[in-house]
Amino acid sequence: MMSISEKVIIITGASSGIGAATVKVLAQQHAKLVIGARRLARLTALKQALPNATIVPQQVDVTNYEDVQALVQTALDHFGRVDAFYNNAGIMPVNAMSVGARDEWQQILDVNVTGVLNGIAAVLPTMIKQQHGHILATDSVAGHVAVPDHVVYSGSKFAVRAIMEGLRQEQYQNNIRTTLISPGSVATELYQSIADETHQQAEIDIEKQLGIDPVNIARAVAFAINAPESVAVNEMVIRPTKQAI
């Protein structure tokens, strides 16, 4: 069994929230990390805050396939392989469908769905060649139940569930594991992607009341990655205890 300290792990959406927390948790376990996000300064600061860790930061826009390919190539150039790829980048604009916020809808699909597909497409050839690998994605409780004003966001997360289950069925014979992480309310900066001020404040209020520390999600990610190669932790739903939905 390969220990987590021997693994090369790529993380997108690593500049804040669940992504940054996962970097810290995996760095403590001495994993070799290639981290990507649009905000390169945040990534650089994260690397500097963990001086004893092996971290390679790189700017990436997950909606741009060439960017994601370059992130995978960076891992290969530095370490010669990719053991895990964590598709974590995501946004959560919310509005009633009657608002017709089509630009928001397209952005949600581009980041939350196409971004995950880009990650899979970029790393899958390497993992098939290796005959091992682990692809993870951050989903949401909203990918299990739809609620008013979150319908398009929920739709994107339902799509990610279907994509990851399809990937599992297609690639298990190549020893490629899949894990879907579905958090409930987490205290992150995700609310910043909500343009509508009323909905944004409502999300802030929920996070203040219920939101769990993102390190709890990061520990779940580490648990799944650290499972024996013969074990695939396919889905984890992690809610605050007092969250109803």
Side-chain angles (χ1 to χ4, degrees), residues 8-15 17-19 22 34-39 58-76 81-93 102-144 146 150-183 190 193 217 221 224-225 232-237:
V8 178
I9 302 169
I10 298 174
I11 303 171
T12 65
S15 60
I18 293 171
T22 303
V34 177
I35 62 175
R38 290 175 298 171
R39 298 176 292 186
Q58 184 165 314
Q59 188 172 44
V60 63
D61 177 352
V62 297
T63 69
N64 184 312
Y65 180 56
E66 287 72 24
D67 274 13
V68 186
Q69 279 186 309
L71 192 66
V72 172
Q73 190 59 51
T74 293
L76 294 173
R81 67 179 193 277
V82 180
D83 299 303
F85 189 112
Y86 182 20
N87 289 288
N88 173 66
I91 59 172
M92 191 183 68
R102 296 182 67 253
D103 289 345
E104 283 189 354
W105 298 349
Q106 189 61 58
Q107 189 181 21
I108 290 169
L109 294 174
D110 289 345
V111 177
N112 293 2
V113 181
T114 302
V116 170
L117 290 171
N118 284 343
I120 292 169
V123 79
L124 198 53
T126 294
M127 291 185 173
I128 291 173
K129 184 178 179 181
Q130 294 172 165
Q131 284 294 287
H132 84 89
H134 192 169
I135 297 175
L136 305 93
T138 299
D139 200 63
S140 172
V141 169
H144 296 256
H150 291 68
V151 174
V152 179
Y153 174 71
S154 290
S156 74
K157 293 303 187 178
F158 269 84
V160 171
R161 278 183 67 204
I163 289 164
M164 292 294 287
E165 171 58 14
L167 177 66
R168 182 192 70 79
Q169 293 187 32
E170 289 185 8
Q171 293 301 325
Y172 72 91
Q173 291 182 329
N174 287 319
N175 200 35
I176 295 171
R177 301 185 294 168
T178 65
T179 299
L180 189 76
I181 304 288
S182 297
L190 192 60
S193 62
I217 310 302
V221 173
I225 292 174
V233 181
N234 295 128
E235 292 195 27
M236 300 179 77
V237 180

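Because the structure is predicted, anything quoted here is derived from the model rather than measured.
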Taking the side chain from [X] and the backbone from [Y], do they hold a donor-acceptor pair closer than 3.5 Å?
X	Y	value
N88	T138	no
D139	F158	no
S140	S182	no
S154	A142	yes
D67	D61	yes
R177	I225	yes
Q58	V34	no
R161	G143	yes

Out of curiosity, [X] [atom1] to [Y] [atom2], how far, rounded to the nearest 0.5 Å?
X	Y	atom1	atom2	value
Q107	S156	CD	OG	11.5 Å
E66	N118	CD	CG	8.5 Å
M127	I120	CE	CD1	10.0 Å
I91	D110	CD1	CG	8.0 Å
Q131	N175	CD	CG	7.5 Å
M164	Q169	CE	CD	12.5 Å

Heavy-atom pair of closest approach, residues [X] and [Y]:
X	Y	result
I35	A14	CB-CB, 3.7 Å
A89	T12	N-OG1, 3.4 Å
V8	A75	CG1-CB, 4.3 Å
I181	I217	CG2-CG2, 3.6 Å
G36	L71	CA-CD1, 4.2 Å
H144	E235	CE1-OE1, 3.6 Å

Any side-chain heavy atom of L109 sitting closer than 4.5 Å to one from T114?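 No. Closest side-chain heavy atoms not under 4.5 Å.
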Please walk me through it: do H134 and D83 pass side-chain contact (heavy atoms from CB on, under 4.5 Å)? CA-CA 6 Å; H134 192 169; D83 299 303; over 6 Å; no
Intermediate values then yes/no, side-chain contact (heavy atoms from CB on, under 4.5 Å), I176 and L167: CA-CA 9 Å; I176 295 171; L167 177 66; 5.6 Å; no
Would one find more than 12 heavy atoms of other residues, nucleotides or ligands at under 6.0 Å from atom CZ of R168?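 Yes.
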Carefully, step by step, assess V72 and Q69 under the rule side-chain contact (heavy atoms from CB on, under 4.5 Å). CA-CA 5 Å; V72 172; Q69 279 186 309; 5.8 Å; no
Determine the sole option in V116, N112, L136, L180 for which the side chain to side chain contact (heavy atoms under 4.5 Å, CB included) test with N87 is passed.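 Testing each of V116, N112, L136, L180 against N87, the sole residue satisfying side chain to side chain contact (heavy atoms under 4.5 Å, CB included) is V116.
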Testing I11, T126, I10, I9 for side chain to side chain contact (heavy atoms under 4.5 Å, CB included) with F85, which one passes?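 When side chain to side chain contact (heavy atoms under 4.5 Å, CB included) is applied between F85 and each of I11, T126, I10, I9, only I10 qualifies.
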Is it true that Y86 and T179 share a donor-acceptor pair across their side chains at a distance under 3.5 Å?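 Note: T179 and Y86 side chains miss the donor-acceptor criterion.
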Working note: T178 + N234, criterion side-chain contact (heavy atoms from CB on, under 4.5 Å); need CA distance, chi angles, decisive distance, verdict. CA-CA 6 Å; T178 65; N234 295 128; 3.5 Å; yes
